[in-house]
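Below is one structure, written out as structure tokens; the observations come after it.
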Amino acid sequence: MDAVDAGDSVGGGSRGAAAGGERTEAAVRVRVFAAQVLRGQGQVTFLPNAATGTLFTAALFAAGWEYGVYGLVGTAVGTATARLLGVDRGRVSTGLEGFNACLTALCFAVFLGAAHLSTALLAVAGCVVVTVVTAAVVRVLGVWGLPSLTLPYCLLATAVTIAAPGFGRLWHTGQGVAALPLPASGTTSVEAGELARGFLAGFAQIFFMPQWYVGALLLLGFLVAGPRSAAVACLGNAAGIATAWALGAPAARIADGTMGYNAVLVALALCGVFLPARTATLTYALVGAAAATALGPAVSALFAPSGGHAFTWPFVLTTFVFLAAAKSFPRLTGSGDGD
Amino acid sequence: MDAVDAGDSVGGGSRGAAAGGERTEAAVRVRVFAAQVLRGQGQVTFLPNAATGTLFTAALFAAGWEYGVYGLVGTAVGTATARLLGVDRGRVSTGLEGFNACLTALCFAVFLGAAHLSTALLAVAGCVVVTVVTAAVVRVLGVWGLPSLTLPYCLLATAVTIAAPGFGRLWHTGQGVAALPLPASGTTSVEAGELARGFLAGFAQIFFMPQWYVGALLLLGFLVAGPRSAAVACLGNAAGIATAWALGAPAARIADGTMGYNAVLVALALCGVFLPARTATLTYALVGAAAATALGPAVSALFAPSGGHAFTWPFVLTTFVFLAAAKSFPRLTGSGDGD
Amino acid sequence: MDAVDAGDSVGGGSRGAAAGGERTEAAVRVRVFAAQVLRGQGQVTFLPNAATGTLFTAALFAAGWEYGVYGLVGTAVGTATARLLGVDRGRVSTGLEGFNACLTALCFAVFLGAAHLSTALLAVAGCVVVTVVTAAVVRVLGVWGLPSLTLPYCLLATAVTIAAPGFGRLWHTGQGVAALPLPASGTTSVEAGELARGFLAGFAQIFFMPQWYVGALLLLGFLVAGPRSAAVACLGNAAGIATAWALGAPAARIADGTMGYNAVLVALALCGVFLPARTATLTYALVGAAAATALGPAVSALFAPSGGHAFTWPFVLTTFVFLAAAKSFPRLTGSGDGD
């Protein structure tokens, strides 16, 4: 993760100006916290950048004001819980304790209904618990030097969405969602307009949203953080769509962005975030993006009979494999690490 | 685990009294082994206490003499196998090699039919194999300093109960049990009598039993071991039931104890056994108990399409997460361990 | 793994004869690569022996020329990818980078249709990706000193076969394969002829083939590598069949070799390959072979609702448990290792 120290320059340097008083100090604290939360929004795509986080938040509000509120409050609750429990300052200030909570809260809003009070209360509880899950995942994966990615959110969101139909006060439709997976049907020929919409929606689906304009705002957030991230994200998205088309995915799945979001995240993780950005790792990242796209329907089919969803499991699993493997490929990273 | 050395004082100090002869020595060995087995019964709830184990055994006999026999013989076979294979003495003498075997044998009795010879033979084989699984789990989890809990039993019991319908000589009903999970139905309003029965049955369900009087005997076993354990167990149980009620679990699931047994075990593990007993850890333990209760229907739904059961998976998974995370929360344990 | 250095004696000793020229050197390189590939074929059953690999290849051609080509090209692509990525020479030269690719390619041929161009292209891509998965698995399991076995192939084959129905260009039948598991039906009394066919087919099923003569050729490959391996493989197979019969498996499953192939691999792994060959480990290996056989229908039932298959998961899981546990049993290995 870049910029571990980007965080608390304001707070850390509370220069104790003689007269400022408590009010100023409180204002400084609020600004520090707000910056941590906005970086947390950006960290959903590995970008600890408050401007990016602001654009991401705007994108959520564009999808629906409830989603904006769920995402923002979720990140705030997660970040606050981590501070309360005394989690390492560096993690908190770079937003690493916020993004899993953001996705958890949003996921509950989308799958359990944003308008129910039960969903709102459960989202707050979920953002507290996901902080505990994050600490556990960080410790467990630390043995291999692997990052926790969105695994904490995937674990919690999978547990809650599968459990929800078993609880009458959480599940308001009364309908079951568990079903055996069916073979793909529908046309596989994609029109140019669908392709363009699907490309933008691929960014939006990272936050469960299918609208192209939400994706466009998110892409703007990438550009603000830097052209390289934006380029890698676009290439990953294109690799995902191309793979899906080549394998014969239904056109509808390409057009709604389902086939791109895991690929975007894998490409970012493997080229520039956890591995250096170079030609060899870009190739590696695009192979990973293709693999995650192919893995998508497998994860969906594994969870379907229990009523679960793929979320970002394909991204998480693929990235773990490609990162753990990378150290054994000296020609890839340019190092001679054979350990 | 408390009292690692509680074990072999009798055997270890076989004071070599000149005349006693082989008969006395054999009697001493039998008494040592019996104490190990009774502590194994108590270890199902982390209590390496022979008196508690005796009451737990009585509770199983109260549920049905077959269950008493399966549980006791299971613990004996597991303990004997561990001794035969040369497992570390400390583990054997505190009953740590018995409780997974106890639960394995009981589980087979309940799900495959206690009266069949095939079940009895399979239970003996299962208690041998679960000792191997225990050694593997201890080694694998040792990397993170995590205890094995009832994971060995969960792994073996899940494998065998899901495999059983595929074997004609194990499966006597001829009926399949695999089914897609359905949304909760039935009333969610619980009457006072149901609540009281459910509270006691919550203890009994640790051993798969739904009877309130079995739970009452188990609670007596807790009290014998010490008031603190009993209090934590009761609070965990109450937290589980309250969570289930708040989320809208069917009243029938509360009344039969299904919503309490994982919560009891989580609370014990996180407050007094693997973390010190203090106010902060009690709060943490009750959050864990609530989380395990919410996780319960998710585990059931994950295994339902394959014909499996939740067993104590919710307890095991929740406790692993909360224990692995605890070291990152200095305000919780009062230590500054950041490693 | 025996004989880590068996590999590159030809290539390593390219004695630089003054005149030989590039043509000779190229021929030497081809021979080195061919030997690596043949050892890769043999490594499916832990035998880094080119003669054994040749007989295994012949067995695949006997089952169908497409299968021979898929297996051989698969091993070649996997081995070449590992060389290209700079994987450790010792692993490449003993065939450890070939056998997972061999099984991956074969699996695609069997489950997606060998005659489709899509299957052939996907198999090449799969053999590249399985090399990445292998590197990841080696690193992850290295923490416990566990070997990777066929886990990389199991992971990739499970993902692709479950995902395939979701992709129109991969799935040509249009039929779903996901189904709830049913209880065993059909007779459990096995005739002598079925038993003999099932015994030989047990070897063939390691490569997904049900023909007894394919198994006979494979057994010949074992004998070429040494009588001890062949004897352990036969005993494992017999233990698997005996367990299946005792538990009441359908006779048809015994006759087609389904109940023997995991047992063969477990027995080999636990007696002679990863643990020393002695009486105690042979007993341990046969208990493992029986356990893997009982586990088989559980794995099938777990994957059935998603449309997946058991592959060699029972072997992999059972062997991990028995190997991880072995270090805690000083009476088994004769060592006092308690770490």
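Below, read A as the first sequence line, B as the second, and so on, with proteins coming before strands; counting in each chain starts at 1. In what follows, every heavy atom counts, from backbone to side chain, and hydrogens, waters and symmetry copies are set aside.
- Below 30°, between 30° and 60°, or above 60°: for A/W313 and A/F303 the angle between ring planes is between 30° and 60°, a tilted geometry.
- Ranked by non-hydrogen atom pairs under 4.5 Å with chain A, the options C/G142, C/A82, C/A163, C/G307 are led by C/A163.
- Ranking A/L317, A/L302, A/T188 against chain C, the residue ahead of the rest is A/L302, based on heavy-atom pairs under 4.5 Å.
- A distance of 6.0 Å or more separates the ring centres of A/F203 and A/Y261.
- Most heavy-atom pairs under 4.5 Å with chain A, from the set C/G308, C/A164, C/S118, C/A135: that is C/A135.
- At least one donor-acceptor pair under 3.5 Å links the side chain of C/Y70 to the backbone N or O of C/A120.
- Residue contact with chain C, scored on non-hydrogen atoms closer than 4.5 Å, involves the side chain of A/P305 exclusively.
- The local environment of CH2 in A/W171 is crowded, with over 12 non-hydrogen atoms from other residues, nucleotides or ligands closer than 6.0 Å.
- Between chain C and the residues A/L146, A/L247, A/V143, the largest count of heavy-atom pairs under 4.5 Å involves A/L247.
- Residue with the most contacts toward chain C among A/A184, A/G248, A/G288: A/G248 (heavy-atom pairs, distance under 4.5 Å).
- For chain A, the option among C/L156, C/V137, C/V140, C/T173 with the highest count of heavy-atom pairs below 4.5 Å is C/V140.
- Aromatic rings from C/F111 and C/F311 are positioned such that their centres are separated by under 6.0 Å.
- Taking the six-membered ring for Trp, C/F99 and C/Y153 have ring centres at least 6.0 Å apart.
- No part of A/T243 comes within reach of chain C, as not one of its non-hydrogen atoms sits under 4.5 angstrom from that chain.
- Heavy atoms closer than 4.5 Å to chain A are found nowhere in C/A125, neither backbone nor side chain.
- Chain C forms the most heavy-atom pairs under 4.5 Å with one residue out of A/A326, A/A249, A/G186, and that residue is A/A249.
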### Message
C/T94 vs C/R39, test: side-chain hydrogen bond (donor to acceptor under 3.5 Å, both in side chains). Steps then yes/no.
### Response
CA-CA 6 Å; C/T94 44; C/R39 277 184 226 115; over 6 Å; no

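- Neither the backbone nor the side chain of C/L155 comes within contact range of chain A; no heavy atoms are under 4.5 Å apart.
- Side-chain N or O atoms of C/T131 include one that pairs as donor or acceptor with a backbone N or O of C/C127 at under 3.5 Å.
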